[in-house]
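The structure displayed is predicted, hence computed values, not measured ones.
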Amino acid sequence: MAAQFVDYLFAIFLLMDVEHMRFLEGATKLVPFDLYDMPLSHSLLGTIIAALFFAVPVYVYHRKMRPAILAGVVVLTHWFIDLLVHGADLSLAGGAPKFGFGLWNAPAYAIVLELVLTGAAFFYYIRATRPPVRHAGHSRVYILAGVMLALQLFNWFGPEDSDVTMFAILMLVVFTGLAFLADWAGRGRRPVPFRRRRFH
């Protein structure tokens with residue numbers, strides 16, 4: 001939820017006609033997204049506010065500062081990872097100048113980057129947690145990884161969308177579905193003390 005919270009907001013703002021995008025063939029080589037108006041959800045200032053907004057209920061639920069800070073940091077990383085792949089459509093505070101290193105125009109690099117980041121996160125999660133039953137394995141986590149990979153491949157290589165409203169609705173449905181699937185995959189898993197983790 002934290003990792004996709006900025007895009008949750010973007011989808012909601014699209015439906016509210018507060019932010020705007022269009023599908024434009026050739027907008028980038030990998031995805032046809034012309035993200036020309038995202039001053040709230042995808043500005044650095046907006047992302048910082050979103051991170052604080054997300055961290056508050058996490059703190060209220062856990063009554064601990066550490067999970068709230070970690071959740072907020074995960075929300076914040078969305079902007080910096082987007083900075084690597086987006087074209088010049090990310091702002092600092094909603095206006096000019098706009099930034100983006102544009103790896104979507106170098107598909108091989110963008111694909112490798114996203115797969116490596118996601119794969120590393122799954123690898124760390126599997127090593128840093130254990131299933132509720134000893135020797136139960138990690139099948140649920142692998143199912144989650146497989147579903148995420150399938151959705152990502154569809155995003156990269158599937159048919160192009162043309163309806164922004166349906167795209168925004170689909171974003172909300174898919175992200176929410178993945179959140180429930182992630183909850184199912186991680187249910188009952190417990191942290192492994194750092195000294196007992198094996199990273200080989």
Side-chain angles (χ1 to χ4, degrees), residues 1-16 18-21 27-28 30-59 66-95 97-107 109-125 144-145 147-149 151-156 164 167-183 186:
M1 290 289 289
Q4 295 298 341
F5 187 59
V6 168
D7 281 343
Y8 265 104
L9 295 177
F10 179 51
I12 292 169
F13 292 155
L14 285 175
L15 293 174
M16 294 172 61
V18 173
E19 294 188 329
H20 307 90
M21 65 169 286
T28 73
L30 187 58
V31 291
F33 303 155
D34 183 11
L35 305 167
Y36 65 93
D37 183 34
M38 306 184 297
L40 300 178
S41 66
H42 280 73
S43 65
L44 180 57
L45 176 61
T47 305
I48 292 171
I49 294 171
L52 295 172
F53 182 81
F54 193 91
V56 169
V58 175
Y59 175 77
R66 185 171 181 269
I69 292 173
L70 290 174
V73 168
V74 171
V75 174
L76 187 59
T77 61
H78 188 110
W79 191 88
F80 292 96
I81 294 175
D82 274 359
L83 181 67
L84 299 176
V85 296
H86 280 227
D89 50 41
L90 303 172
S91 65
L92 297 179
K98 293 188 176 182
F99 305 92
F101 295 136
L103 279 185
W104 277 343
N105 284 312
Y109 294 104
I111 289 171
V112 168
L113 173 67
E114 295 199 34
L115 291 177
V116 167
L117 284 175
T118 307
F122 270 103
F123 176 80
Y124 177 80
Y125 181 70
L144 172 63
V147 171
M148 289 181 63
L149 178 60
L151 289 170
Q152 189 62 64
L153 291 173
F154 183 82
N155 180 58
W156 287 330
V164 171
F167 179 73
I169 293 172
L170 186 61
M171 286 174 67
L172 294 175
V173 170
V174 169
F175 292 156
T176 302
L178 282 175
F180 278 106
L181 184 61
D183 175 69

note = Note: Ala51 and Gly72 closest approach over all heavy atoms is CB-O, 3.3 Å
ask   = So do the side chains of Leu92 and Trp79 get within less than 4.5 Å of each other, counting heavy atoms only?
value = yes
inquiry  = Please check this pair: side chain of Lys98 against backbone of Tyr36, looking for a donor-acceptor N/O pair closer than 3.5 Å.
reply    = yes
request  = For residues Leu40 and Leu9, determine if any side-chain heavy atom of one lies less than 4.5 Å from a side-chain heavy atom of the other.
outcome  = no
key: Test side chain to side chain contact (heavy atoms under 4.5 Å, CB included) applied to Leu113 and Ile111, Leu115, Leu117, the passing residue   = Leu117
query = Taking atom CZ of Phe167 as the centre, does the number of heavy atoms from other residues, nucleotides or ligands within less than 6.0 Å exceed 12?
reply = yes
query = Between atom CD1 of Ile169 and atom CD1 of Ile12, what is the distance when rounded to the nearest 0.5 Å?
reply = 12.0 Å
ask   = Of the non-hydrogen atoms in Glu19 and Pro39, which two are nearest, and what is the gap between them?
value = OE2-N, 3.3 Å
ask   = Which heavy-atom pair separates Phe5 from Ala50 by the least distance, and what is that distance?
value = CE2-O, 3.6 Å
ask   = Nearest heavy-atom pair of Val74 and Ala3: which atoms, and what distance?
value = CG1-N, 3.6 Å
message = Between Leu151 and Leu178, is there a side-chain heavy-atom distance shorter than 4.5 Å?
response = yes
inquiry  = How about CZ on Phe53, more than 12 heavy atoms from neighbouring residues, nucleotides or ligands closer than 6.0 Å, or not?
reply    = no
message = Is it the case that atom CZ in Phe101 sees more than 12 heavy atoms from other parts of the structure closer than 6.0 Å?
response = no
key: Atom pair CG (Asn155) and CE (Met148), whose distance is rounded to the nearest 0.5 Å   = 12.0 Å
query = Heavy-atom distance under 4.5 Å between the side chains of His86 and Leu35, does that happen here?
reply = yes
request  = For Ile69 and Tyr59, run side-chain contact (heavy atoms from CB on, under 4.5 Å): C-alpha distance rounded to whole Å, both residues' side-chain angles, the deciding distance at 0.1 Å, then the answer.
outcome  = CA-CA 8 Å; Ile69 292 173; Tyr59 175 77; over 6 Å; no
task = Please check if any side-chain donor atom of Thr176 sits under 3.5 Å from a side-chain acceptor atom of Tyr8, or the reverse.
result = yes
key: Candidate pair Val85 and Val31, rule side-chain contact (heavy atoms from CB on, under 4.5 Å), full reasoning   = CA-CA 10 Å; Val85 296; Val31 291; over 6 Å; no
ask   = Of the options Asp7, Thr47, Asp37, Asp89, which is the one that meets His42 in a side chain to side chain donor-acceptor pair (under 3.5 Å)?
value = Asp7
query = Out of curiosity, Phe33 CZ to Met38 CE, how far, rounded to the nearest 0.5 Å?
reply = 11.0 Å
task = Give the minimum heavy-atom separation between Ala2 and Ala71, together with the two atoms involved.
result = CB-O, 3.8 Å
ask   = To the nearest 0.5 Å, what is the distance between CG (Leu76) and CD1 (Ile48)?
value = 6.0 Å
key: From Glu114 atom CD to Tyr109 atom OH, the distance as rounded to the nearest 0.5 Å   = 16.0 Å
Atom of Ser41, atom of Val6 and distance for their closest heavy-atom approach = O-CG1, 3.1 Å
note = Output for pair (Leu90 CG, Leu84 CG), nearest 0.5 Å, gives 10.0 Å
